[in-house]
2 protein chains.
Amino acid sequence: MKKHYQPVTTDVVIFTIEDGQLKVLLIKRANEPFKDQWALPGGFLFEDEEPEHAAVRILKDKAGIKNVYVEQLYTFGGSGRDPRGKIITVSYFALVPKEKIKISVSDKIQTPTFRSVKKLPDIAFDHNRIITYALKRLQSKLEYTNVVYSLLPRYFTFNQLQNAYEIISGRKLDKRNFRKKFMLLKLIKATKKVLKGERQRPAKLYEFTHHKPAELKKFF
Amino acid sequence: MKKHYQPVTTDVVIFTIEDGQLKVLLIKRANEPFKDQWALPGGFLFEDEEPEHAAVRILKDKAGIKNVYVEQLYTFGGSGRDPRGKIITVSYFALVPKEKIKISVSDKIQTPTFRSVKKLPDIAFDHNRIITYALKRLQSKLEYTNVVYSLLPRYFTFNQLQNAYEIISGRKLDKRNFRKKFMLLKLIKATKKVLKGERQRPAKLYEFTHHKPAELKKFF
DNA sequence: CCAAAAGTGTTGACTGTACACCCATGT
DNA sequence: ACATGGGTGTACAGTCAACACTTTTGG
């Protein structure tokens, strides 16, 4: 058992919902390789840094956000991924409500930008593959966990909730059945607030009863 | 983005079914730390070695087996796991049919041994946690994939199949319902062979139609 | 008063679960 | 002949999916 040291990086797939679309945060690379191409935020671990710590650090640096849902995605290894040689990448995905994001305006070079997963630009490394993998994971997590709470603001309407499901899963859901099913889960409760100011009947606002990840029996 | 190198190890949780129990392969550590304690097979990556390659290598060395189901489990990082400091461990789990295993008899020091997951000895590092994690993953994979094929011999009876599900999930299943449900999946086909020699009616032998991992709609 | 989204129940189809008896063999 | 696991069908309950109209507001 010989001991060797390996170069290790972390990449983070940061999802949010904006304008009725699922979006992912990309930055423009400031350095070679793939200089000036879009890529996932990420980079080499600091000395003795844990991969998850790096993911959290990147979230704060690039999206100005903390205390959000972060989950390890997959560890990619091997050549053909990075022209610098064999590099191990521990990837993460994060879910953030649009309201919490504060992109640093001073970051004029990397210009972190949310892009719709439906029409992504050319992307550096094998980051397209990582995004695809993350999307698949997100879709299946929706079905058997309560993670959707981490994409919504504190108060939300039933429609926002249903839209989150529809956007991510890519299929339309029945309004009545959705409401019935979701109510049985006891994950959310109605508040006394309503969303007024639109030009139709005001919608009741709901909130989640818990803000911790949990697994559910079944779902959608 | 400073570039640092990290010590990286791989551990493999190798499951098999033997004597009606789910077992996991442990070895007795030959070196410090935790010398002479039971642990998962694993170790540092070779230079420029990919984590999955290391997992396959370990499978061959310790269980004399190749071409089996291997899947990445999780990447553990951080301190408190290994007295040598911060080490990143990419863990894998593998499923092997008992018939294929050839444990090297020359390995008198490490004595690789399958132990029932129900009564494990004291285990080095945080390997207990990794085994627990692997078991959970295996349980859920049973429900929505066809991985069970990788725990059974080429020809098997319906009872062996059902037992695999019962042992891993930890609950009894109804014989008639199980057969009905499984047949609808079209994953297996009856052969002309039967298992004779027992002191009851001979059981038909079945085989899987495919030996590749696949996802299923739903399951159990 | 018109447009737009909010909100609300019922029915039929399907899926899952519970359950008991005869069959083929070895001893 | 008997003990042992092998093999088979039905009925009821629970869950899922389809579907249309009234309500409340802003303009």
Side-chain angles (χ1 to χ4, degrees), chain A residues 17 19-21 139-140 142-144 148 152-153 155-167 169-207 215-220, chain B residues 17 19-21 139-140 142-144 148 152-153 155-167 169-207 215-220:
Chain A
I17 289 178
D19 304 330
Q21 297 185 308
Q139 286 171 336
S140 72
L142 265 201
E143 292 180 9
Y144 67 94
V148 70
L152 295 174
Y155 301 106
F156 54 89
T157 66
F158 238 106
N159 243 336
Q160 288 178 281
L161 180 64
Q162 182 173 340
N163 281 338
Y165 275 92
E166 291 182 339
I167 290 164
S169 72
R171 62 199 163 115
K172 284 293 270 181
L173 299 172
D174 180 90
K175 191 165 52 155
R176 278 173 287 192
N177 294 337
F178 180 83
R179 184 182 284 258
K180 219 183 310 169
K181 223 164 159 182
F182 210 95
M183 275 312 198
L184 283 174
L185 297 172
K186 311 273 186 196
L187 292 176
I188 61 174
K189 59 169 186 259
T191 66
K192 284 165 192 157
K193 301 174 196 291
V194 292
L195 182 65
K196 296 191 72 160
E198 307 291 314
R199 83 158 180 287
Q200 69 270 19
R201 175 174 173 177
K204 273 208 197 85
L205 287 167
Y206 293 80
E207 65 180 333
E215 297 214 358
L216 311 171
K217 307 271 169 196
K218 259 178 203 175
F219 229 54
F220 288 97
Chain B
I17 289 178
D19 305 329
Q21 297 185 306
Q139 286 171 336
S140 72
L142 265 201
E143 293 180 9
Y144 68 95
V148 70
L152 295 174
Y155 301 106
F156 54 89
T157 66
F158 238 106
N159 244 334
Q160 288 178 280
L161 180 63
Q162 183 173 339
N163 281 337
Y165 275 91
E166 291 182 339
I167 290 164
S169 72
R171 61 200 163 116
K172 285 292 273 180
L173 299 171
D174 179 89
K175 192 165 54 157
R176 278 174 287 194
N177 294 338
F178 181 84
R179 184 181 285 259
K180 217 182 312 168
K181 222 163 159 184
F182 210 94
M183 275 312 197
L184 283 174
L185 297 172
K186 309 272 188 199
L187 292 176
I188 61 174
K189 57 168 186 257
T191 66
K192 283 165 192 157
K193 302 174 195 293
V194 291
L195 181 66
K196 295 189 74 158
E198 308 291 314
R199 82 161 180 285
Q200 69 269 18
R201 174 174 174 179
K204 274 209 196 85
L205 288 168
Y206 293 80
E207 65 181 333
E215 296 214 359
L216 311 171
K217 308 270 169 196
K218 255 176 210 182
F219 229 53
F220 288 97

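Hydrogens, waters and symmetry mates are skipped; everything else that's a heavy atom, side chains included, is used. Model, not experiment: these values are computed from the prediction. To find a chain, count down the sequence lines: A is the first, B the second, and so on, and within it residues start at 1.
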Practice item. Measure from CG on B:Leu205 to C1' on D:dG7 and round the result to the nearest Å. Key: 14 Å

Check your understanding: Can you check the A:Lys193 NZ to C:dA6 C1' distance for me, whole Å?
Key -> 20 Å

Point to revise | Whether A:Glu143 side chain and A:Ser140 backbone form a donor-acceptor pair below 3.5 Å | key: no

Practice item. Using atom CZ of B:Arg171 as one end and atom P of C:dA18 as the other, report the distance to the nearest whole Å. Key: 11 Å

**Study point:** Results of side chain to side chain donor-acceptor pair (under 3.5 Å) for A:Gln200 - residues two or more places apart only
**Key:** none

Compile the donor-acceptor pairs under 3.5 Å between side chains in residues 189-197 of chain A and protein atoms, sequence neighbours left out, one pair per line.
from     : atom 1 : to       : atom 2 : distance (Å)
A:Thr191 : OG1    : A:Lys193 : N      : 3.2
A:Thr191 : OG1    : A:Leu205 : O      : 2.7

Exercise for review: Go through the structure and list residues passing side chain to side chain donor-acceptor pair (under 3.5 Å) with B:Lys175, not counting sequence neighbours.
Suggested key: none

Point to revise | Residues which pass side chain to side chain donor-acceptor pair (under 3.5 Å) with A:Arg201, listed by chain and number, not counting sequence neighbours | key: none

Study note, to complete from the structure: B:Lys172 NZ to C:dT17 P, in whole Å, measures 16 Å

Review point. Atom CD of B:Gln162 and atom P of D:dT8: how far apart are they, to the nearest Å?
Key: 14 Å

Exercise for review: Nearest whole angstrom, please: distance from the C1' of D:dT25 to the NZ of A:Lys204.
Suggested key: 15 Å

Exercise for review: Would you please name every residue forming a side chain to side chain donor-acceptor pair (under 3.5 Å) with A:Tyr165, sequence neighbours left out?
Suggested key: none

Check your understanding: Rounding to a whole Å, what distance do you find between A:Leu161:CG and C:dA6:C1'?
Key -> 15 Å

**Study point:** Annotated protein contacts, base or backbone, on nucleotides 19-27 of chain C with a non-hydrogen cut-off under 4.0 Å, one of B, S, - each
**Key:** BB--BBBS-

Exercise for review: Can you tell me the distance, in whole Å, between the CZ atom of B:Phe178 and the P atom of C:dA18?
Suggested key: 16 Å

